[in-house]
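Sequence lines set the chain letters: A, B, ... in the order given, protein chains first and strands last, and positions in each chain run from 1.
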2 protein chains.
Amino acid sequence: MTVSKIKELVIIPETLPTISVDCVIFGYEENKLKVLVRREFVPFNDEVFLEWKLPGNHVRRNEELCETAARILKEQTGLENIFVKQFLVFSDPNRLKRRERDYEWVKPRIQDERVITVGFYSLVNVIDVDNSTLVEDANWANAYEIKDLMFDHNEIFDEAFKKLRYDLLHEPLAFELLPEKFTLTQMQKLYEAIFNTTYDKRNYRRKVNKMSYLIPLDEIQTGVSHKPARLYSYDREIYEKTRTERFDFRV
Amino acid sequence: MTVSKIKELVIIPETLPTISVDCVIFGYEENKLKVLVRREFVPFNDEVFLEWKLPGNHVRRNEELCETAARILKEQTGLENIFVKQFLVFSDPNRLKRRERDYEWVKPRIQDERVITVGFYSLVNVIDVDNSTLVEDANWANAYEIKDLMFDHNEIFDEAFKKLRYDLLHEPLAFELLPEKFTLTQMQKLYEAIFNTTYDKRNYRRKVNKMSYLIPLDEIQTGVSHKPARLYSYDREIYEKTRTERFDFRV
DNA sequence: ACAAAAGTGTTTTGGGTACACCCATGT
DNA sequence: ACATGGGTGTACCCAAAACACTTTTGT
């Protein structure tokens with residue numbers, strides 16, 4: 001049996017040795033911005049440390065990086081067809097060796113001591129995530145209270161958050177985190193959660209009312225004990241047709 | 001003699017097999033935006049094709065990606081301490097195989113058929129480049145007339161140009177392309193070259209006069225056959241102290 | 001009736017944009 | 001004297017920001 005024959009039979013496809021993808025998965029739930037972190041038990045010096053890291057994985061030989069990111073997302077949340085976006089590459093030759101116990105933990109999991117990682121971020125609506133498909137060691141942490149993460153993952157998170165905020169002002173990303181039909185107040189609260197601020201309701205509405213791709217539906221909220229709000233939906237086609245270079249989503 | 005002993009003696013350090021850096025080196029000369037491209041002679045089917053590509057290189061085992069980019073810049077232009085910035089990763093598994101003759105050419109130069117490349121861009125003032133240190137096969141091409149490049153390099157160039165324009169509106173990058181002391185008209189012409197447009201002189205000046213880190217010097221142009229212009233310099237420290245999240249360089 | 005969120009207009013302020021003439025220098 | 005680019009001010013319009021009350025529903 002040749003080596004290539006053996007390779008074909010191996011279930012886990014071959015991965016590239018010195019490159020990986022790490023994902024910052026942002027979630028939105030109860031007007032709060034969350035981030036998915038994974039718990040790991042790290043044995044070191046006869047102790048076991050409870051640590052947290054971002055989900056990540058190796059890149060398979062025949063996949064694009066965004067496919068790696070989509071795969072990580074599926075593994076962690078069960079969701080498919082989710083928006084993912086690369087934001088920065090982290091290439092410090094010592095990035096895995098900043099704390100000895102982290103490196104001891106990761107050593108048997110990598111093929112080369114040098115691993116360059118490409119950071120991706122992703123947006124999911126937490127209510128779409130079936131808690132049974134969320135892997136057991138995953139946890140939705142408050143984005144404003146991220147604890148110490150392993151390796152350079154705090155840095156990766158910080159860069160992802162910066163990029164998320166920038167992109168939200170320049171692309172219609174918010175609709176990845178909103179339900180199909182949403183109220184303007186829901187949209188406003190989402191921006192407030194991500195930018196950690198508050199906006200004036202009237203000014204906010206004046207601004208978003210200029211967006212032709214925000215479609216007011218002939219439908220209102222039901223089951224709320226106050227005046228029901230009008231529902232809106234996002235029309236991607238209108239956005240694609242009418243977008244201009246300089247447009248931004250700032251309010 | 002052990003393998004590791006041999007490795008120590010090899011002059012060219014070991015490089016990572018599946019990752020490379022490609023550089024889009026922007027230059028500015030005579031109010032024109034240029035890009036450095038390399039000429040390659042590509043033998044294929046008993047013919048020799050003259051082709052062009054972006055400069056690139058493998059990543060050494062102990063260097064950060066930005067060090068790889070700086071090394072490429074030094075090799076191509078002789079310049080050191082130049083601004084470089086990563087902008088996007090290109091990971092199409094077939095990116096080297098889009099044209100058969102390109103792949104035949106590159107095959108003996110790579111360690112693995114799959115190479116993911118990280119795009120960096122860089123800014124140099126072409127008059128700083130000694131033509132004797134510019135490598136022979138390099139050429140400053142007009143950024144608006146880029147010919148067919150090898151592999152996915154047209155795509156890499158397009159993305160670099162997009163990112164350059166974005167960054168120029170949000171960071172004080174222009175000063176990387178301007179001489180130490182410059183006139184406001186020189187600065188305006190630079191933006192006009194990069195954005196391929198023209199601006200109103202009075203409005204442009206009103207805008208840049210609000211930038212506290214643009215220092216008017218007690219010095220004017222000499223040797224020009226018209227009213228000599230005032231010279232300005234850029235004060236990085238003032239910029240760092242006074243920059244705000246939302247500021248932009250749009251005019 | 002009350003609680004809770006929806007929905008709506010006006011004023012002020014500052015920035016963007018459009019536009020034309022005189023000035024200082026070298027030849 | 002002339003050619004060349006340097007340098008300046010004003011008017012209009014629109015967007016940003018600050019600000020408070022009425023409406024509709026469920027309980």
Rounded distance (Å) that lies between atom P of D:dG7 and atom CD of B:Q188
12 Å
Close aromatic pair by centroid cut-off 6.0 Å: B:H170 and B:Y166
yes
Do A:F182 and A:F175 have their ring centres less than 6.0 Å from each other?
yes
Would you tabulate the nitrogen or oxygen pairs shorter than 3.5 Å linking the protein to nucleotides 1-4 of chain C?
none

Would you call A:L168 and A:L190 a side-chain contact if the rule is heavy atoms closer than 4.5 Å?
no
Classify the side-chain pair A:Q76/A:R38 by whether it contains a donor and acceptor separated by less than 3.5 Å.
yes
Are there any protein N/O atoms within less than 3.5 Å of an N/O atom in nucleotides 8-15 of chain C, and if so, which ones and at what distance?
from	atom 1	to	atom 2	distance (Å)
C:dT10	O4	A:R206	NH2	3.4

Ignoring hydrogens and angles, state whether a donor on the side chain of B:E75 or B:N57 is under 3.5 Å from an acceptor on the partner side chain.
yes
Taken to the nearest whole Å, CZ/B:R230 to C1'/C:dT25 is 16 Å
If I take atom CG in residue A:L184 and atom C1' in nucleotide C:dA5, what distance separates them, rounded to the nearest angstrom?
13 Å
Looking at side-chain heavy atoms only, is the closest gap between A:M150 and A:W52 below 4.5 Å?
no
Apply side-chain contact (heavy atoms from CB on, under 4.5 Å) to B:E67 and list each qualifying residue two or more places apart in sequence or on a separate chain.
B:E63, B:E64
Distance, rounded to the nearest Å, where A:Y199 contributes OH and D:dA17 contributes C1':
14 Å
Could you say whether B:Q221 or A:G223 is positioned toward the 5' end of DNA chain D, judged by the nucleotide with the nearest heavy atom to each?
B:Q221
Whole-Å distance, B:Q186 CD to D:dG6 C1', equals 13 Å
Just to be sure I understand the rule, does A:T183 reach a base, reach only the sugar-phosphate, or reach nothing, if contact means heavy atoms closer than 4.0 Å?
nothing
Any donor-acceptor N or O pair under 3.5 Å, side chains B:R206, B:N209:
no
In whole angstrom, give the distance that lies between atom OH of B:Y232 and atom C1' of D:dG6.
11 Å
Between C1' of C:dA6 and NZ of A:K189, the distance in whole Å
12 Å
Kindly say whether the aromatic ring centers of A:F26 and A:F83 come within a distance under 6.0 Å.
no
